[in-house]
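The chains referred to below are lettered A, B, ... by the order of the sequence lines, with proteins before strands, and numbering in each begins at 1. Keep in mind the model is a prediction, meaning the values are calculated, not measured.
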There are 2 protein chains.
Amino acid sequence: MAADADGAKERRSIARELKRGSLELIILHLLSPGEAYGYEIVSKLIAETDGALELSDGTLYPVLYRLERGEFVAVRWETPERGVPRKYYRLTEKGREQLERLKYEWTTFANAMRSLLDQDRSAK
Amino acid sequence: MAADADGAKERRSIARELKRGSLELIILHLLSPGEAYGYEIVSKLIAETDGALELSDGTLYPVLYRLERGEFVAVRWETPERGVPRKYYRLTEKGREQLERLKYEWTTFANAMRSLLDQDRSAK
DNA sequence: GTATAATATCTTGCGTAACAAGATAGATGG
DNA sequence: CCATCTATCTTGTTACGCAAGATATTATAC
């Protein structure tokens, strides 16, 4: 049905917009316990949020490259005896600071939204 | 100082990204108690969030136009005896439904983020 | 009376981020 | 040898927020 299709498309695009500005935080956060490689990050995120948050590899790699360029993460290639080579990412000190800062920015914004939305708008 | 300037610029740009996907919700919410005109919406938002959330008119009008095109808001011009003509916006029924839906989408996303960030990442 | 500021709306152009789609390549299994 | 899985990377599209500027009317100041 058209209504379903449109609804789904629109819902996807809302989720897409909401993620803007949050993905770097998400990824830095997922890297905070230790190093991980790209595919691992994708599955970690889906697992730890029960699918509430997702990202595709086509989204992830550009973000990782951005983080690498900004020296928020450092990189190490590992070629296992069997299997495809993996690129492991880990937080730098600068990345850890950025994580704290982004967490603060996000929380501040979310709290402002929350308190605005919680106001009863029917009684002025 | 360069560090301060960069920090401020970066903070602004983070706030900018975070707003994506939230502005429609914010505006629909501000219109829910009754009609308002553009400039009024801007000052309302700043006042009600103590400046934590802001938007400029150059941002607002395109969003209002989008909402109008989607029939989420209806429009009425008013030319007061003294003063510049004002364009008043009010929610339609469809707009009220959209408001509920966006509120749900936003809350779902924010809760997922919150619960992810609240996890202690140092203990795997 | 003429600047200047304030109120109010609208438009253009830019930068950037998320993502779909597809390319690449080695490993595994039938 | 063909398909499928793991894993990474690239290209192009789309849409949004916003800075900057245009326009018009009214109010204030000099």
Heavy-atom closest pair, residues A:Lys44 and A:Pro33: NZ-CG, 4.3 Å
Considering all heavy atoms, the nearest A:Gly21-B:Glu17 contact: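 For A:Gly21 versus B:Glu17, the nearest heavy atoms are CA-CB, 3.7 Å.
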N or O in side chain of B:Tyr37 less than 4.0 angstrom from C:dT9 OP1/OP2: no
N or O in side chain of B:Tyr61 less than 4.0 angstrom from C:dT9 OP1/OP2: yes
Per B:Lys19 side chain, nearest of listed nucleotides D:dC9, D:dC18, C:dC10: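 Out of D:dC9, D:dC18, C:dC10, the nucleotide with an atom closest to B:Lys19's side chain is D:dC18.
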List, one per line, each side-chain donor-acceptor pair under 3.5 Å for residues 58-67 of chain A, sequence neighbours excluded.
| residue | atom | partner | partner atom | Å |
| --- | --- | --- | --- | --- |
| A:Thr59 | OG1 | A:Ser56 | OG | 3.2 |
| A:Arg66 | NE | A:Glu24 | OE2 | 3.1 |
| A:Arg66 | NH2 | A:Glu24 | OE2 | 3.2 |

Calculate the interatomic distance between [X] atom [atom1] and [N] atom [atom2]; express it in whole Å.
| X | N | atom1 | atom2 | value |
| --- | --- | --- | --- | --- |
| A:Arg66 | C:dG15 | CZ | C1' | 13 Å |
| A:Ile26 | C:dA17 | CD1 | P | 15 Å |
| A:Lys87 | C:dA25 | NZ | C1' | 16 Å |
| A:Leu60 | C:dC19 | CG | P | 11 Å |
| A:Glu78 | D:dA7 | CD | P | 11 Å |
| A:Ile14 | C:dC19 | CD1 | P | 14 Å |
| A:Ile41 | D:dT6 | CD1 | C1' | 15 Å |
| B:Leu64 | C:dT9 | CG | C1' | 11 Å |

Does [X] reach the side chain of [Y], with side-chain heavy atoms less than 4.5 Å apart?
| X | Y | answer |
| --- | --- | --- |
| B:Arg101 | B:Glu97 | no |
| A:Met113 | B:Trp106 | yes |
| B:Leu91 | B:Phe72 | no |

Shared hydrophobic cluster, A:Leu99 / A:Val75 (ILVMFWY, side-chain heavy atoms < 4.5 Å):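 Shared cluster, yes.
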Short side-chain donor-acceptor distance under 3.5 Å, A:Glu93 and A:Gln98: no
Net bend of the helix from C:dG1-D:dC30 to C:dG30-D:dC1, end axes of five pairs each, nearest 10 degrees: 0°
Listed pairs, N/O of protein and of nucleotides 20-27 of chain D, under 3.5 Å:
| residue | atom | partner | partner atom | Å |
| --- | --- | --- | --- | --- |
| D:dA27 | OP1 | B:Arg82 | NH1 | 3.4 |

Residue closer to the 5' end of DNA chain D, A:Arg86 versus A:Arg20 (nearest nucleotide): A:Arg86
B:Lys87 to B:Tyr37, cation-pi by 6.0 Å centre distance and 45° axis angle: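 No, B:Lys87 does not sit over the ring of B:Tyr37.
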